[in-house]
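Reviewing the structure listed below.
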Amino acid sequence: MKQHIEHMENFRERLNLQKKKLIFISATLFLIILMVLGGYLYTIKQQTDAKELESEAYKYYFGIIKNVDISKEQRYMKAAQLFMEAYNKRSNLTYLLNAGYAYDMAGQKDKALEVLNKVVASNDINFTNLAMVRIANIYLKHNEKAEAIKKLNEIVIGKSDILKDFALYQLGKIYENENKEESLRYYEKLVKDFPKSPFAEIAKKYVDAGKNK
């Protein structure tokens with residue numbers, strides 16, 4: 001009888017222990033689910049906020065914002081700030097690239113270069129050449145040809161073909177009045193490597209004209 005009682009007490013103890021384990025496991029799983037759900041909802045909120053900021057930025061960038069009396073430079077500056085806010089909500093390189101464009105349009109050279117160089121540093125082949133072409137154009141706009149040539153050549157020797165034809169064309173144009181041979185070299189490479197490019201037809205005219213001289 002005594003052994004039976006002890007056996008029952010041991011069984012109850014084991015049962016209580018199992019219940020405690022189940023409660024602990026259930027509570028842990030519940031907390032994990034809450035954390036995952038919370039993280040998911042936070043991500044969705046960040047994405048939604050970023051999209052709203054992007055939409056507002058485009059309104060300023062394209063001048064379709066209503067009831068706002070500001071200068072063109074201020075409008076582009078506001079667009080750049082909104083794109084940066086969107087990027088801080090969600091690390092989308094499109095936002096960062098557009099911010100660089102907008103800073104450039106606002107006449108903020110240093111800020112534009114800073115932001116666009118961040119895009120280049122991402123090493124995302126879908127965006128780096130887009131940013132480098134804009135950087136080169138900024139340098140050309142400020143008559144810094146050496147820097148522009150350096151940046152365009154980075155595109156030419158790079159792995160991505162995005163805008164490589166345009167970079168070759170730009171280099172040909174830059175050298176056109178200063179170094180005809182160098183200009184033709186870039187035009188010939190453009191015609192050879194990118195025969196279907198819209199710039200190839202223009203480049204071919206220069207190449208043919210150079211050969212006929």
Side-chain angles (χ1 to χ4, degrees), residues 36-152 154-156 158 160-171 173-174 194 197-199 202:
V36 170
L37 182 60
Y40 174 75
L41 292 174
Y42 175 78
T43 301
I44 294 296
K45 178 68 165 58
Q46 292 290 91
Q47 290 177 353
T48 301
D49 289 348
K51 279 292 182 184
E52 289 177 357
L53 288 165
E54 179 192 27
S55 177
E56 193 71 7
Y58 279 126
K59 290 178 184 178
Y60 278 94
Y61 191 91
F62 292 112
I64 55 176
I65 193 75
K66 295 179 180 179
N67 302 320
V68 177
D69 185 20
I70 56 177
S71 68
K72 186 187 293 184
E73 289 75 16
Q74 289 173 323
R75 180 164 55 77
Y76 283 122
M77 194 69 180
K78 181 64 176 179
Q81 292 168 349
L82 288 167
F83 279 128
M84 288 303 298
E85 287 181 37
Y87 178 74
N88 290 332
K89 291 283 185 181
R90 187 186 180 198
S91 299
N92 185 327
L93 286 175
T94 299
Y95 302 150
L96 200 60
L97 185 69
N98 286 338
Y101 288 174
Y103 277 126
D104 177 30
M105 297 297 288
Q108 300 293 315
K109 175 193 170 188
D110 292 339
K111 193 66 180 177
L113 291 174
E114 177 190 338
V115 172
L116 290 169
N117 277 312
K118 284 182 180 180
V119 178
V120 175
S122 72
N123 292 319
D124 188 317
I125 62 171
N126 296 308
F127 290 92
T128 51
N129 285 2
L130 291 169
M132 285 197 285
V133 161
R134 190 62 177 236
I135 290 169
N137 286 339
I138 291 171
Y139 284 133
L140 285 174
K141 188 163 60 175
H142 290 84
N143 203 30
E144 298 177 52
K145 287 186 180 180
E147 291 297 327
I149 289 168
K150 180 182 176 182
K151 193 58 64 177
L152 290 168
E154 284 181 35
I155 297 173
V156 171
S160 173
D161 283 342
I162 295 174
L163 290 180
K164 190 174 284 189
D165 57 337
F166 179 75
L168 287 165
Y169 177 73
Q170 281 286 81
L171 286 163
K173 292 293 288 182
I174 291 169
F194 303 95
S197 165
F199 301 106
I202 304 171

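Both backbone and side-chain heavy atoms feed into the values below; hydrogens, waters and symmetry mates do not. Quantities reported herein were computed from a predicted structural model and do not represent experimental measurements.
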Grab the two heavy atoms, one from T128 and one from V119, that are nearest each other, plus how far apart they are. CG2-O, 3.9 Å

What's the verdict on side chain to side chain contact (heavy atoms under 4.5 Å, CB included) for E56 and I65, showing C-alpha distance, side-chain angles and the deciding distance? CA-CA 8 Å; E56 193 71 7; I65 193 75; 3.5 Å; yes

Under 3.5 Å, side-chain donor or acceptor atoms of residues 132-141 against the rest of the protein: list the pairs with distances, not counting sequence neighbours.
from: R134; atom 1: NE; to: D104; atom 2: OD2; distance (Å): 2.9
from: R134; atom 1: NH2; to: D104; atom 2: OD2; distance (Å): 3.1
from: N137; atom 1: OD1; to: Q170; atom 2: NE2; distance (Å): 3.2
from: N137; atom 1: ND2; to: V133; atom 2: O; distance (Å): 3.4
from: K141; atom 1: NZ; to: D104; atom 2: OD1; distance (Å): 2.7

Could you pull out all donor-acceptor pairs under 3.5 Å where a side-chain atom in residues 106-117 meets a protein atom, sequence neighbours excluded?
from: K109; atom 1: NZ; to: E144; atom 2: OE2; distance (Å): 2.4
from: N117; atom 1: ND2; to: L113; atom 2: O; distance (Å): 2.9

Side chain proximity check, I149 to I174, heavy atoms < 4.5 angstrom: yes

Any pair counted as ring pair (Phe, Tyr, Trp, His ring centres under 6.0 Å), so long as it reaches residues 68-122, sequence neighbours left out: Y58-F83, Y61-Y76

Distance in Å, M105 CE paired with N98 CG, rounded so as to fall on 0.5 Å steps: 12.0 Å

Please name all residues satisfying ring pair (Phe, Tyr, Trp, His ring centres under 6.0 Å) with Y169, sequence neighbours left out, ordered by chain then number. F199

Going by side chain to side chain contact (heavy atoms under 4.5 Å, CB included), name the residues that satisfy it together with A167, two or more places apart in sequence or in a different chain. L152, I155, V156

Here the gap from E147 atom CD to H142 atom NE2, rounded to the nearest 0.5 Å, amounts to 13.0 Å

For E52 and S55, does a side-chain donor sit closer than 3.5 Å to a side-chain acceptor? no

Residues in ring pair (Phe, Tyr, Trp, His ring centres under 6.0 Å) contact with Y60, at least two apart in sequence or another chain: none

Provide the closest heavy-atom pair for M84 versus A99 in the form atom of the first, atom of the second, distance. SD-CB, 3.6 Å

Using distance alone, with no hydrogens and no angle criterion, decide if T94 and N92 have a side-chain donor and acceptor under 3.5 Å apart. yes

Within-4.5 Å side-chain heavy-atom neighbours: Q74 and K78: no

Working to the nearest 0.5 Å, report the span between OG1 of T48 and CZ of R90. 9.5 Å

First locate atom CG of N126, then atom OG of S160, and finally report the distance between them rounded to the nearest 0.5 Å. 7.5 Å

Judged by atom type as modelled, is there a donor-acceptor pair below 3.5 Å linking the side chain of D165 to the main-chain atoms of S197? no

